[in-house]
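The structure under discussion appears below in the form of structure tokens.
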There are 2 protein chains.
Amino acid sequence: MERNTRQRVAIRSALERAERPLTPREVLERAQGEADSIGIATVYRALQRFEEQGLIIPVHIPGDPARYEIAGKGHHHHFRCRLCGRVFEVAGCSGNLERLAPPGFKVESHEILLVGLCAKCR
Amino acid sequence: MERNTRQRVAIRSALERAERPLTPREVLERAQGEADSIGIATVYRALQRFEEQGLIIPVHIPGDPARYEIAGKGHHHHFRCRLCGRVFEVAGCSGNLERLAPPGFKVESHEILLVGLCAKCR
DNA sequence: GTCGTTGCAAAGCGTTTGCAGCCTA
DNA sequence: TAGGCTGCAAACGCTTTGCAACGAC
């Protein structure tokens, strides 16, 4: 049976307060803010379990380690600034991606990553 | 000045003959077929240089190591079958992705990954 | 008290780098 | 012959795992 330890509470809370997807290391740093002496291995194990439970969503950015964000934000995609490396959420979706697939293929989901300059770096 | 060694010829040739994006390890295995005793480090160094030269394009699939394909195929994206794991090319693009970005952001490029079932696995 | 969870350290794995020798131009 | 290129092995960074101690229920 699943247990509610102070580490998991801190990790989950860090993700809930995050304004953008976090890497495991970032999760660790933020979680340590409210419950110190958490190990990185614990973060990885908690992230795995949260993902299995559908509590968080993995966000993959080419070249970077995986990031995670709280699920239930609705359908959206991401924008990475090529100068500062930050990742932002972008609402909405171009839609109609099914027609891109070859005949006979079934599209179940998709990921879109925009790359460019954020307002600050521009 | 750039040199044409037998290793680079083999690596490049492997990519040119590939019917899909290859991982560095796959490149190594195919290149060894025509010029043995190539080291994995050489493959990585050649891929880096080829990418800088715009000769090849990196393809990032969440969870997998980077793959590379010959450039010059025109703008396209990729489809991964969630059952067999194969990666296919899909031509075209939904276009008009710039409007998704927040005001003040500049979109320079994008990547789209479709996930679903290929014709065979369906 | 049970047994899921944790921290640490070691192991894994893909990728990069230092270096001495090799080989293309 | 010069200096870019190579193979090897060590180093690296991120992630996973083994294990004994811990602590939620």
Side-chain angles (χ1 to χ4, degrees), chain A residues 1-15 18 20-69 80 85-87 113, chain B residues 1-15 18 20-69 80 85 87:
Chain A
M1 181 214 165
E2 192 85 352
R3 287 181 192 176
N4 247 1
T5 62
R6 102 194 126 77
Q7 289 90 336
R8 288 201 187 163
V9 171
I11 289 168
R12 187 162 166 173
S13 151
L15 287 161
R20 57 181 178 78
L22 302 180
T23 63
R25 178 150 297 280
E26 289 171 332
V27 171
L28 175 66
E29 285 157 5
R30 297 190 182 203
Q32 280 175 336
E34 64 181 72
D36 49 39
S37 78
I38 294 182
I40 186 69
T42 299
V43 172
Y44 277 102
R45 283 187 278 231
L47 291 176
Q48 274 180 357
R49 207 148 289 129
F50 290 165
E51 183 182 347
E52 285 167 17
Q53 296 170 355
L55 214 77
I56 60 176
I57 304 267
V59 177
H60 298 274
I61 306 291
D64 292 0
R67 293 157 202 256
Y68 294 86
E69 65 185 12
R80 179 174 59 174
R86 287 185 297 173
V87 174
L113 174 67
Chain B
M1 180 215 164
E2 192 84 353
R3 289 184 190 173
N4 246 0
T5 62
R6 103 194 126 77
Q7 289 90 338
R8 289 202 187 162
V9 170
I11 290 168
R12 188 161 166 174
S13 152
L15 287 161
R20 57 180 179 77
L22 302 180
T23 62
R25 178 149 298 279
E26 289 171 331
V27 171
L28 175 66
E29 285 157 5
R30 297 189 182 205
Q32 280 175 336
E34 63 180 72
D36 49 39
S37 78
I38 295 182
I40 185 69
T42 299
V43 171
Y44 278 102
R45 283 186 280 231
L47 291 176
Q48 273 180 357
R49 207 147 289 130
F50 290 166
E51 183 182 348
E52 285 167 17
Q53 296 169 356
L55 214 76
I56 60 175
I57 303 268
V59 178
H60 298 274
I61 305 291
D64 293 358
R67 293 159 203 255
Y68 294 87
E69 65 185 11
R80 179 174 60 175
V87 175

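Each chain gets a letter, A, B and so on, in the order its sequence line appears, and its residues count up from 1.
- In this structure, B:Asn4 atom CG and D:dC5 atom P are separated by 10 Å, rounded to whole Å.
- Heavy atoms of B:Thr23 sit nowhere under 4.0 angstrom from any nucleic acid atom.
- Comparing C:dG14, C:dT6, D:dT16 by their closest approach to the side chain of A:Gln48 singles out D:dT16.
- The residue among A:Ala66 and B:Arg49 whose nearest nucleotide of DNA chain D lies closer to the 5′ end is B:Arg49.
- Under the salt bridge (charged side-chain N to carboxylate O under 4.0 Å, His left out) criterion, A:Arg67 pairs with A:Asp64, sequence neighbours left out.
- Rounded to an integer number of Å, the gap from CG of A:Leu28 to P of D:dG13 is 17 Å.
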Report, one pair per line, the protein and nucleotides 20-23 of chain D atoms (nitrogen or oxygen only) whose separation is under 3.5 Å.
unit_1 : atom_1 : unit_2 : atom_2 : d
D:dG23 : N2     : A:Arg3 : NH1    : 2.3

Which pairs of donor and acceptor atoms, one on a side chain in residues 22-30 of chain A, lie under 3.5 Å apart (sequence neighbours left out)?
unit_1  : atom_1 : unit_2  : atom_2 : d
A:Thr23 : OG1    : A:Glu26 : N      : 3.2
A:Thr23 : OG1    : A:Glu26 : OE1    : 3.4
A:Glu26 : OE1    : A:Thr23 : N      : 2.8
A:Glu26 : OE2    : A:Arg20 : NH1    : 3.4
A:Glu26 : OE2    : A:Arg20 : NH2    : 3.2
A:Arg30 : NH1    : A:Glu19 : OE1    : 3.4

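- Taking the nucleotide of DNA chain C with the nearest heavy atom to each of B:Ile40 and B:Glu2, the more 5' of the two is matched to B:Ile40.
- For the pair A:Val43 and B:Thr5, both in contact range of DNA chain C, the more 5′-proximal nearest nucleotide belongs to A:Val43.
- Residues B:Gln32 and B:Ile38 approach most closely at NE2-O, 3.1 Å, considering heavy atoms.
- Regarding B:Gln32, its CD atom lies at a distance of 14 Å from the P atom of D:dT6, rounded to whole Å.
- Sequence neighbours left out, not one pair with a member in residues 42-53 of chain B passes salt bridge (charged side-chain N to carboxylate O under 4.0 Å, His left out).
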Listing time: all N or O pairs from protein to nucleotides 18-20 of chain C that are below 3.5 Å?
unit_1 : atom_1 : unit_2  : atom_2 : d
C:dG18 : O6     : B:Arg45 : NH1    : 3.3

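- Counting to the nearest Å, the C1' atom of C:dT5 and the CZ atom of A:Phe50 are 12 Å from each other.
- As a whole-Å value, the separation of A:Leu47 CG from C:dT5 P is 14 Å.
- Interatomic distance, B:Gln53 CD to B:Leu55 CG, rounded to the nearest 0.5 Å: 6.0 Å.
- Judged as a side-chain contact (heavy atoms from CB on, under 4.5 Å), and not counting sequence neighbours, the contacts of B:Ala66 are B:His60, B:Tyr68.
- C:dG14 atom P lies 17 Å from atom NE2 of B:His60, rounded to whole Å.
- Between the CD atom of B:Glu52 and the C1' atom of D:dC5 there is a distance of 15 Å, given to the nearest Å.
- In this view, A:Glu69 and A:His76, A:His78 satisfy the side-chain hydrogen bond (donor to acceptor under 3.5 Å, both in side chains) rule, not counting sequence neighbours.
- Whole-Å rounding puts the A:Ile11 CD1 to C:dT5 C1' distance at 11 Å.
- Nucleic acid contact for A:Ile38: sugar-phosphate only, since backbone atoms but no base atoms lie under 4.0 Å from a heavy atom of the residue.
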Taking distance alone, no hydrogens or angles, what donor-acceptor pairs closer than 3.5 Å link side-chain atoms of residues 6-13 of chain B to residues at least two apart or in another chain?
unit_1  : atom_1 : unit_2  : atom_2 : d
B:Arg6  : NH1    : B:Asp36 : O      : 3.3
B:Arg8  : NH1    : B:Glu2  : OE2    : 3.0
B:Ser13 : OG     : B:Arg17 : NH1    : 2.5
B:Ser13 : OG     : B:Glu34 : OE1    : 3.1

